[in-house]
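Contents: one structure, followed by commentary.
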Amino acid sequence: MHTDRERCVRAVRSKDARFDGWFFTAVLTTGIYCRPSCPAVPPKPENMVFHPSAAACQQAGFRACKRCRPDTSPGSPEWNQRADLVARAMRLIADGVVDREGVPGLAGRLGYSARQVERQLLAELGAGPLALARAQRAQTARLLVETSRLPMADVAFAAGFASVRAFNDTVREVFALSPTELRTRATRRDGTPDPATPTAAGRTAGPTAGTAAATAPGTTLHLRLPFRAPLTPDNLFGHLAATAVPGVEEWRDGAYRRTLRLPYGHGVVALTPRPDHIGCRLTLTDLRDLTVAISRCRRLLDLDADPEAVDERLRADPSLAPLVGKAPGRRVPRTVDEAEFAVRAVLGQQVSTAAARTHAARLVTAHGDPVDDPAGGLTHLFPTPEALAALDPQTLALPRTRRTTFTTLVRHLADGDIHLGVESDWPQTRARLLALPGFGPWTVDVIAMRALGDPDAFLPTDLGVRRAAGQSGLPTTPAALTARAAAWRPWRAYAVQYLWATDDHPINSLPS
């Protein structure tokens with residue numbers, strides 16, 4: 001979008017928050033870059049230069065605006081709606097792969113050479129993988145500096161910097177302030193925080209805020225996760241709560257809580273819907289996992305979606321228009337662990353939600369890793385594919401054919417024959433899943449929708465979708481419904497959410 005200068009200028013002049021994250025405005029006269037909705041007086045058009053990423057702005061020598069803090073914008077929705085090399089690379093960078101494995105590791109996961117990845121990212125985003133990862137480290141560093149009382153050396157290594165000097169230099173270059181000055185400025189703005197008290201829940205001064213406290217079994221931070229309005233939380237949180245696996249997930253005190261298996265340790269997150277943000281209480285055993293944990297929580301709740309674009313397309317169908325008008329901004333509930341969701345999809349084949357939860361809970365108790373949760377009732381991490389591949393199939397309380405489907409899936413996941421991570425090639429992964437015994441179109445499409453993140457995955461054979469289609473005046477046979485849904489592309493996964501939401505089922509309402 002950054003190449004459409006006229007459209008970008010209009011967005012900046014109108015301070016349109018819908019375009020935050022789509023592009024960034026660099027101001028030639030001040031040397032800063034802003035989000036489109038920056039509250040400052042817009043610069044003259046001839047002084048604006050538009051870039052596709054914060055990293056590209058930093059590469060060009062611009063520093064972040066201190067008023068609008070553009071590094072905290074919601075992520076570009078493009079990376080979650082596309083399956084090409086650039087989108088897959090961006091999802092991996094957001095998941096911290098460059099910090100953990102370097103550019104060769106990123107390229108290896110994508111199946112391309114490092115030079116090819118670098119060339120494509122530079123062409124589309126104006127920055128290579130190292131610059132993009134550096135911009136993300138700077139954002140994480142700012143978050144920890146402003147919202148915690150951690151020593152600066154701990155902040156540097158938690159944010160992914162190799163040295164305190166690199167941390168200091170980057171923060172000064174990006175924000176035109178030293179780390180100490182950033183913390184002092186945040187303290188003056190918000191008042192002196194009490195490290196043991198979550199004081200930021202009511203703050204409205206920015207898209208990300210909070211306090212941090214060192215508590216067993218790790219460090220707890222209170223954050224705000226921004227999103228593009230509107231957002232209807234009913235089916236999003238209702239689905240997660242109604243299908244929660246005991247021990248791994250729960251709904252407690254108005255929040256969805258679950259355990260997280262992360263690269264350096266584990267965590268527990270509590271996510272609470274608010275009118276203008278998602279409250280996030282995150283406890284980590286290793287702070288180096290902060291960036292990954294935030295990225296996975298955003299992906300779980302589909303917070304980088306563009307609801308205006310989705311709803312505009314779906315509203316064009318007169319049968320869907322009333323559903324969209326009643327509750328705009330529905331999101332697709334996704335997952336923090338793609339392999340976990342695939343296993344749960346198999347356990348849920350042709351059984352009730354309650355039965356699927358029971359099957360999953362038995363696996364968790366027998367094969368999951370135990371964790372401490374002083375704040376609630378979570379007890380385990382969901383078992384890894386390797387742990388599940390080693391179990392005795394005869395212990396599974398499943399029909400023989402379902403048992404075969406389960407054991408075949410976990411074996412392929414454990415061996416690496418099937419990858420369900422953010423780097424997955426969607427068509428290739430679909431084909432490999434369909435080749436497994438017991439995998440039909442419904443199972444593959446629900447995995448594509450919620451684990452792979454395909455916004456166009458569709459479930460024309462789903463009974464709930466067909467029932468809702470009939471009530472809404474849409475065709476009810478899979479072939480006819482698929483033909484009608486062609487006009488909804490590339491947002492058919494969101495159409496499924498609107499159709500499912502017509503049913504009186506616990507997944508469609510927030511728990512009391």
Side-chain angles (χ1 to χ4, degrees), residues 147 196-201 208-225 227 231 233-262 265-275 277-287 289-290 292-303 331-338 340-341 343-344 353-354 356-358 360-361 363-365 368-383 450-451 506-512:
T147 68
T197 306
T199 61
T208 307
T211 61
T215 61
T219 300
T220 298
L221 298 103
H222 296 256
L223 313 170
R224 293 161 60 105
L225 304 183
F227 56 77
L231 183 147
D234 302 5
N235 70 303
L236 179 62
F237 284 88
H239 202 120
L240 296 173
T243 60
V245 176
V248 174
E249 304 166 286
E250 68 176 1
W251 181 266
R252 181 184 290 265
D253 299 330
Y256 166 75
R257 304 179 73 251
R258 72 155 292 149
T259 57
L260 302 171
R261 186 183 296 277
L262 299 165
H266 67 266
V268 173
V269 67
L271 298 165
T272 308
R274 304 292 188 197
H277 69 276
I278 301 296
C280 175
R281 185 180 189 272
L282 185 59
T283 300
L284 300 172
T285 57
D286 193 317
L287 271 176
D289 286 321
L290 176 62
V292 177
I294 292 175
S295 174
R296 293 184 184 178
C297 290
R298 295 190 62 81
R299 184 171 170 81
L300 169 71
L301 301 180
D302 198 16
L303 296 184
R331 301 300 207 268
V332 178
R334 295 209 164 108
T335 183
V336 296
D337 186 325
E338 296 83 3
E340 172 192 317
F341 183 81
V343 169
R344 291 171 60 174
T353 299
R357 294 177 67 224
T358 298
L363 290 179
V364 166
T365 301
D369 298 322
V371 299
D372 293 326
D373 177 29
L378 304 180
T379 59
H380 289 81
L381 301 172
F382 196 86
R450 296 194 55 196
I507 67 170
N508 293 319
S509 59
L510 288 170
S512 57

Inset, instruction - Sequence neighbours left out, what passes side chain to side chain contact (heavy atoms under 4.5 Å, CB included) with Thr379? Give chain and number order. - result: none
Inset, instruction - Determine the minimum heavy-atom distance between Thr335 and Ala451, stating which atoms define it. - result: CG2-CA, 3.7 Å
Legend entry - Evaluation steps, side chain to side chain contact (heavy atoms under 4.5 Å, CB included), between Leu303 and Leu231: CA-CA 9 Å; Leu303 296 184; Leu231 183 147; 3.9 Å; yes
Legend entry - Side-chain touch Leu300/Leu271, heavy atoms, less than 4.5 angstrom: yes
Inset, instruction - Evaluate side chain to side chain contact (heavy atoms under 4.5 Å, CB included) for Arg296 paired with Leu262, printing each intermediate quantity in order. - result: CA-CA 10 Å; Arg296 293 184 184 178; Leu262 299 165; 4.0 Å; yes
Inset, instruction - Determine, for Arg344 against Glu249, whether the closest basic-nitrogen to carboxylate-oxygen distance falls under 4.0 angstrom. - result: yes
Legend entry - side chain to side chain contact (heavy atoms under 4.5 Å, CB included) partners of Arg299, counting only residues at least two apart: Asn80, Arg91, Glu338, Val422
Legend entry - Atom pair OG1/CG of Thr219 and Asp289 - distance to nearest 0.5 Å: 11.5 Å
Legend entry - Leu223 CG to Arg281 CZ distance, which is reported to the nearest 0.5 Å: 11.0 Å
Legend entry - Residues Leu221, Leu287; criterion side chain to side chain contact (heavy atoms under 4.5 Å, CB included); working and verdict: CA-CA 10 Å; Leu221 298 103; Leu287 271 176; 3.8 Å; yes
Legend entry - Closest approach of Arg257 to Ala270 (non-hydrogen atoms, all atoms of both residues): CG-CB, 3.7 Å
Inset, instruction - Would you check if the side chain of Asp369 reaches a backbone N or O of Leu381 as a donor-acceptor pair within less than 3.5 Å? - result: no
Inset, instruction - With rounding to the nearest 0.5 Å, note down the distance linking OG1 in Thr272 to NE2 in His222. - result: 10.5 Å
Legend entry - Result of checking Asp373, Val248, Val269 against Leu378 for side chain to side chain contact (heavy atoms under 4.5 Å, CB included): Asp373
Inset, instruction - Identify the two heavy atoms, one from Ile278 and one from Pro273, that lie closest to each other, and give their separation to 0.1 Å. - result: CD1-CA, 3.9 Å
Legend entry - Glu250 side-chain N/O to Gly377 backbone N/O, donor-acceptor pair under 3.5 Å: yes
Would you give me the side-chain donor-acceptor pairs under 3.5 Å for residues 233-247, sequence neighbours excluded?
| from | atom 1 | to | atom 2 | distance (Å) |
| --- | --- | --- | --- | --- |
| Asn235 | OD1 | Arg330 | NH1 | 3.0 |
| His239 | NE2 | Arg450 | NH1 | 3.2 |
| Thr243 | OG1 | His239 | O | 2.7 |

Legend entry - Of Asp372, Leu260, Val371, the residue whose pairing with His266 passes side chain to side chain contact (heavy atoms under 4.5 Å, CB included): Val371
Legend entry - Distance, nearest 0.5 Å, that separates CZ of Arg274 from SG of Cys280: 12.0 Å
Inset, instruction - Answer whether the closest heavy-atom distance between the side chains of Val343 and Phe382 falls below 4.5 Å. - result: yes
Legend entry - Closest non-hydrogen atom pair, Ala293 against Leu282: CB-CD2, 3.7 Å
Inset, instruction - Evaluate side chain to side chain contact (heavy atoms under 4.5 Å, CB included) for Thr259 paired with Arg261, printing each intermediate quantity in order. - result: CA-CA 7 Å; Thr259 57; Arg261 186 183 296 277; over 6 Å; no
